[in-house]
Amino acid sequence: MNSRRRYIAITACVLLLLVVVAFGISTIREKKAEESAPEYVFLYAENQIADYPTTHGANRFAELVYERTDGRIKILVKPDAELGSEMQVIQQMQYGGIAFARISLSQLAEYMPEMNVLQMPYLYSGPEHMWRVLDGEIGDEFLLKTRDHDLVGLSWYDAGARNFYSTSPITCLEDIKGMNIRVQESDMMADMVSALGANPSKIVYSEVYSAIEQGLVDGAENNWPSYEAMRHYMVARYYTIDEHTRVPELQICSKAVWDKLSESDQKIIEECARESALYERVLWEEREKRSREVAEKSGITVIELSPEEKLRFRDAMQSVYTKYCRDQMDILQAIMEY
Ligand code: GCU
């Protein structure tokens with residue numbers, strides 16, 4: 001072989017080798033991509049903004065599930081009510097259109113009226129009392145009951161205590177009488193406000209700011225973080241602390257989706273949901289303080305309802321208890337004594 005031929009032969013060999021190596025690399029890459037492509041990609045609905053304790057809890061949940069299923073289950077968290085209002089989300093979940101969500105208990109109670117007993121006005125003596133109930137067997141039983149409604153309750157998130165806020169001060173029962181107050185899309189909340197002599201308006205969460213700004217309502221009621229995160233404090237400058245309700249949040253899964261998962265994946269999801277809830281509760285405490293500071297710095301007036309007035313607000317709730325707890329007196333009693 002002369003040197004020219006040798007050169008051509010060597011070049012051809014090198015080229016062939018390069019083609020083989022390149023082909024091998026791309027096959028390995030494709031295989032790897034196939035291996036790491038998730039088996040399931042699920043949507044998670046959240047109606048709060050991205051920087052909010054429940055949304056951070058949801059992100060933690062999604063990360064934990066992804067890690068513990070080795071990337072087989074990927075959960076995409078969609079904040080800002082991108083997937084619809086809470087009521088729309090619950091409806092879609094009952095058909096499996098959305099896999100996961102964090103929902104206020106008061107919205108779920110519209111589908112499961114028996115849930116109302118957990119959010120009755122002035123029911124809990126404080127957060128410790130509520131967590132004893134929810135982290136105990138009563139809370140577990142209610143999570144299980146969601147399964148009769150095409151949902152699977154996974155864990156309880158914190159949403160603190162709700163208070164009234166308005167465009168003019170509420171210092172006593174007479175002040176709130178005749179006011180138009182926004183409430184969640186909840187019959188029980190509407191009845192609670194009516195029992196105080198005010199006129200309830202059911203308005204979806206994302207519309208509350210403009211409803212107050214445009215004077216459609218004189219006020220609303222919510223916890224400190226919602227009041228601050230949704231900028232309600234800029235239009236309703238009086239915040240009256242009466243802590244009328246503690247409405248916890250639930251993380252839920254669509255039953256249609258749940259039934260497709262293996263038992264071991266279900267177990268992982270339940271564990272991750274409970275862990276993420278503990279994380280959310282820590283963030284909640286911090287955010288409650290920070291939100292109050294932000295609102296106070298802006299110059300709002302904070303009114304502490306006097307114990308006498310609080311008693312009057314509380315006494316006005318008799319009819320609401322009769323209407324919503326009539327058939328659950330035993331559970332109500334158990335909650336009160338827990
Ligand atoms: C809380 C809760 C929301 C709910 C809102 C409301 O902020 O976290 O999920 O929509 O109350 O008052 O509507």
Side-chain angles (χ1 to χ4, degrees), residues 44-58 61 77-93 98 100-111 115-116 118-119 121 127 130 134 151 153-166 180-190 192-193 198 200-212 216-217 219-233 235-236 239 243-252 276-277 280-281 283-285 287-288 290-292 294-295:
Y44 182 119
E46 168 58 70
N47 78 341
Q48 301 286 5
I49 58 169
D51 180 18
Y52 196 84
T54 55
T55 316
H56 294 307
F61 170 63
V77 178
K78 302 285 177 186
D80 280 324
E82 190 186 321
L83 301 178
S85 69
E86 291 186 298
M87 294 303 257
Q88 291 166 340
V89 165
I90 296 172
Q91 278 160 16
Q92 290 195 55
M93 290 181 78
I98 297 175
F100 295 97
R102 189 281 312 158
I103 297 286
S104 173
L105 180 139
S106 70
Q107 299 311 136
L108 209 53
E110 291 302 288
Y111 294 90
M115 278 263 180
N116 276 310
L118 292 175
Q119 59 163 356
M130 184 185 78
L134 297 180
L151 299 167
L154 300 172
S155 74
W156 300 103
Y157 271 30
D158 202 355
R162 294 176 80 102
N163 300 295
F164 288 105
Y165 43 91
S166 42
N180 296 322
I181 300 285
R182 177 272 171 173
V183 289
Q184 289 174 277
E185 295 172 275
S186 150
D187 287 343
M188 199 285 278
M189 294 298 173
M192 173 189 78
V193 162
S201 269
K202 288 183 185 170
I203 297 174
V204 69
Y205 188 47
S206 53
E207 303 294 326
V208 180
Y209 177 91
S210 54
I212 303 174
L216 297 178
V217 290
E221 49 80 58
N222 218 320
N223 49 52
W224 282 108
S226 301
Y227 178 58
E228 173 260 320
M230 300 302 277
R231 299 169 52 248
H232 298 172
Y233 71 97
V235 284
Y239 194 91
E243 302 201 331
H244 51 270
T245 47
R246 283 187 181 274
V247 182
E249 324 259 29
L250 285 99
Q251 262 191 320
I252 50 177
S276 76
E280 188 269 349
R281 293 184 203 175
L283 297 186
W284 182 264
E285 262 194 71
R287 182 60 177 256
E288 246 182 357
R290 190 148 50 88
S291 294
R292 182 174 178 161
V294 170

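Throughout, numbering of the chain's residues begins at 1 and tracks the sequence. Remember, it's 1-based here, ligands and their atoms both numbered in the order they're listed.
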Checklist entry - Is Q91 atom CD crowded by more than 12 heavy atoms from other residues, nucleotides or ligands, each under 6.0 Å away? => result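 Buried by this count: over 12 neighbours within 6.0 Å.
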Next on the checklist: Tell me every residue that passes side-chain hydrogen bond (donor to acceptor under 3.5 Å, both in side chains) with H232, counting only those two or more places apart in sequence or in another chain.
Outcome noted: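 For H232 the side-chain hydrogen bond (donor to acceptor under 3.5 Å, both in side chains) partners, ignoring immediate neighbours, are Y165.
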Item to check | S104: partners by side-chain hydrogen bond (donor to acceptor under 3.5 Å, both in side chains), with sequence neighbours left out | outcome: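 In terms of side-chain hydrogen bond (donor to acceptor under 3.5 Å, both in side chains), with neighbours along the sequence ignored, S104 is linked to S106, Q184.
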Item to check | Between CG on residue N163 and NE2 on residue H244, distance to nearest 0.5 Å | outcome: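 N163 CG to H244 NE2: 6.5 Å, rounded to 0.5 Å.
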Checklist entry - Excluding sequence neighbours, so at least two apart, what forms side-chain contact (heavy atoms from CB on, under 4.5 Å) with V204? => result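 Testing V204 for side-chain contact (heavy atoms from CB on, under 4.5 Å), a comparison that skips the adjacent residues, returns S85, E185, S206, E207.
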Checklist entry - Protein residues near ligand 1, heavy-atom distance below 4.0 Å? => result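 Answer by chain and number: N47, Q48, E86, R102, S104, R162, R182, Q184, Y205, N222, S226, E249.
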Item to check | Under-4.0 Å salt bridge between R102 and E86 | outcome: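 So R102 pairs with E86 through a salt bridge.
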